[in-house]
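Report on the structure given below.
Note on naming: letters A, B, ... go to the chains in the order of the sequence lines (proteins, then strands), and numbering restarts at 1 for each one. Keep in mind it's a predicted model, so treat the numbers as computed, not measured.
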Number of protein chains: 2
Amino acid sequence: MHTVEQRPLTPAARRVLEVASELFYSRGVNVVGMELIAEEAGVTKKTIYDRFGSKQRLVVAYLRARDLRWRDFLTSRVEAHGPPIDRIVATFAALEEWMDRENERGCAMVNAYAELSDPRHPGRAVAQEQKHWLRDLYRTLVAPTGAGDPDALADTLLMLHEGAVVARNVTGITDAALTAKEAAQALLRAHGADGPDQR
Amino acid sequence: MHTVEQRPLTPAARRVLEVASELFYSRGVNVVGMELIAEEAGVTKKTIYDRFGSKQRLVVAYLRARDLRWRDFLTSRVEAHGPPIDRIVATFAALEEWMDRENERGCAMVNAYAELSDPRHPGRAVAQEQKHWLRDLYRTLVAPTGAGDPDALADTLLMLHEGAVVARNVTGITDAALTAKEAAQALLRAHGADGPDQR
DNA sequence: AGGTAAACACACCGGTCGGTATACTATCAA
DNA sequence: TTGATAGTATACCGACCGGTGTGTTTACCT
């Protein structure tokens, strides 16, 4: 039988997941074969299938792990600020830092969503969940600002966020996150958000 | 020898390109094999290779054709309006219409960019060119509005545009383009753009 | 009548895909 | 001591991948 659940990964399984994550992200989920992963992780295919069961599940594990890392990172950056408006701005500063560090190929969820066209593939749900989570995050951040039409504002911020990733990735606009951050501040002002930074 | 250049496509080649476009877009470039395309187009693989030379070139032909359709569509919608601000707003209305009609799987260029991880694949350049074209379009549309910081505003509009596609595709926000349009209007106002709609 | 282009049919190539089977070894806890 | 557990190595499977070769048929142009 294989693991798949949250039982702590064996050392070999951890290596597999690390290597697979790197390869899946940098080259794409469909392009990378199981044999390559096994080779790079110094492990036999048998071990991978013993631990993860199938490629589909390994892909899901990769997406879940990356999603978790991103959420933890973003959450910590948001919580480092008090005022609602500062928190919203912090999401774009966090995005900027994240993209500089480890987003060479754009958003892993968006890329996976593009690659996994079969609607039954469970990896699609992982990507959707992340975006729904981000949408909800913006809603909860917008609410206490007293901005008008808060739901539309939250969706707009979400779009700016996702658009910045795409623009940076394919158009090569390196300061996309910065531009998005300034646009977000302008929008908050336009929606009448009141915060300590307002005058 | 095979065609590849802009010589008018033979009837069989046209059928191949139509079928390939549908399959490439709806299922992904890497997932669809040449045999399936040949089958669905009622054509032998030999014919495809005689006309297009390789899968890589067929993919490029698909991207070029789709890009052209989109540019023609967007250009016509923009030119239907006179005032600069109306033209900018028209891009988001056009996006809304386009997404309702034929964007079930998001932006073909962004998806292809995600799938074609090999930087040497010429399909990547096609995607990049479209986004650069769109960026330039927004720049030329923003310039005559007299808005402050026009380049940043153009990039912001680009991000809203791309973000709306992603948000609608993976998050399922069906009115994403509408929300983006309203945000664009607010941003134009915030940048002090003057137009017939201003008061 | 002859030539050329565009299809057809079909067999075939080396290689890779995800996944399985068998057998053996090292570690460690009951 | 025994018996899982986790790992190794290797061979194998059918299916499919992108791509090619040989030869035939159809239709239009000169």
- Item | Closest heavy-atom pair and its distance - B/Thr47, B/Ala12 | CG2-CB, 4.1 Å
- Identify the heavy atoms of A/Val60 and A/Gly123 that sit nearest to each other, and give their distance. CG2-N, 3.8 Å
Nearest to the [X] side chain among [options], which nucleotide is it?
{"X": "A/Tyr49", "options": "C/dG18, D/dG19, D/dA6", "result": "C/dG18"}
{"X": "B/Glu35", "options": "C/dG18, D/dA6, D/dC17", "result": "D/dC17"}
{"X": "A/Lys55", "options": "D/dG7, C/dG19, C/dC8", "result": "C/dG19"}

- With A/Tyr113, the side-chain hydrogen bond (donor to acceptor under 3.5 Å, both in side chains) member among A/Lys131, A/His121, A/Gln128: A/Gln128
- Query: Looking at B/Asn103, B/Asp100, B/Asp175, which one forms a side-chain hydrogen bond (donor to acceptor under 3.5 Å, both in side chains) with B/Arg168?
  - Reply: B/Asp100
- Item | Side chains of A/Gln130 and B/Val170 in contact at under 4.5 Å (non-hydrogen atoms) | no
- Query: Can you find a pair of side-chain heavy atoms, one from B/Arg77 and one from B/Trp98, that are under 4.5 Å apart?
  - Reply: no
- Which residue, A/Val31 or B/Ala13, contacts DNA chain C at a nucleotide closer to its 5' end, judged by nearest heavy atom? B/Ala13
- Message: Check the orientation of B/Phe24 and B/Tyr62. Use parallel for under 30°, tilted for 30 to 60°, and perpendicular for over 60°.
- Response: tilted
- Partner residues of A/Glu22 under the side-chain contact (heavy atoms from CB on, under 4.5 Å) criterion, sequence neighbours left out: A/Ser26
What integer distance in Å separates [X]:[atom1] from [N]:[atom2]?
{"X": "B/Leu36", "N": "D/dA15", "atom1": "CG", "atom2": "P", "answer": "17 Å"}
{"X": "A/Asp50", "N": "C/dG19", "atom1": "CG", "atom2": "P", "answer": "13 Å"}
{"X": "B/Leu9", "N": "C/dA5", "atom1": "CG", "atom2": "C1'", "answer": "15 Å"}
{"X": "B/Arg51", "N": "C/dC8", "atom1": "CZ", "atom2": "P", "answer": "10 Å"}
{"X": "B/Asn30", "N": "D/dC16", "atom1": "CG", "atom2": "P", "answer": "18 Å"}
{"X": "B/Phe52", "N": "D/dT20", "atom1": "CZ", "atom2": "C1'", "answer": "18 Å"}
{"X": "A/Arg14", "N": "D/dG7", "atom1": "CZ", "atom2": "C1'", "answer": "15 Å"}
{"X": "B/Gln56", "N": "D/dC17", "atom1": "CD", "atom2": "P", "answer": "18 Å"}

- DNA chain D contacts among residues 16-23 of chain B, heavy-atom distance under 4.0 Å: none
- Task: Name every residue in residues 40-48 of chain B that has at least one heavy atom under 4.0 Å from any atom of DNA chain D, in order of residue number, or write none if there are no such residues.
- Result: B/Lys45, B/Lys46
- Message: Is the phosphate of C/dA7 approached by B/Arg15 (side-chain N or O, under 4.0 Å from OP1 or OP2)?
- Response: no
- Between A/Thr10 and D/dT5, does any side-chain N or O lie under 4.0 Å from OP1 or OP2? no
- For A/Tyr138 and A/Thr156, test the side chains for any donor-to-acceptor distance below 3.5 angstrom and give the result as yes or no. no
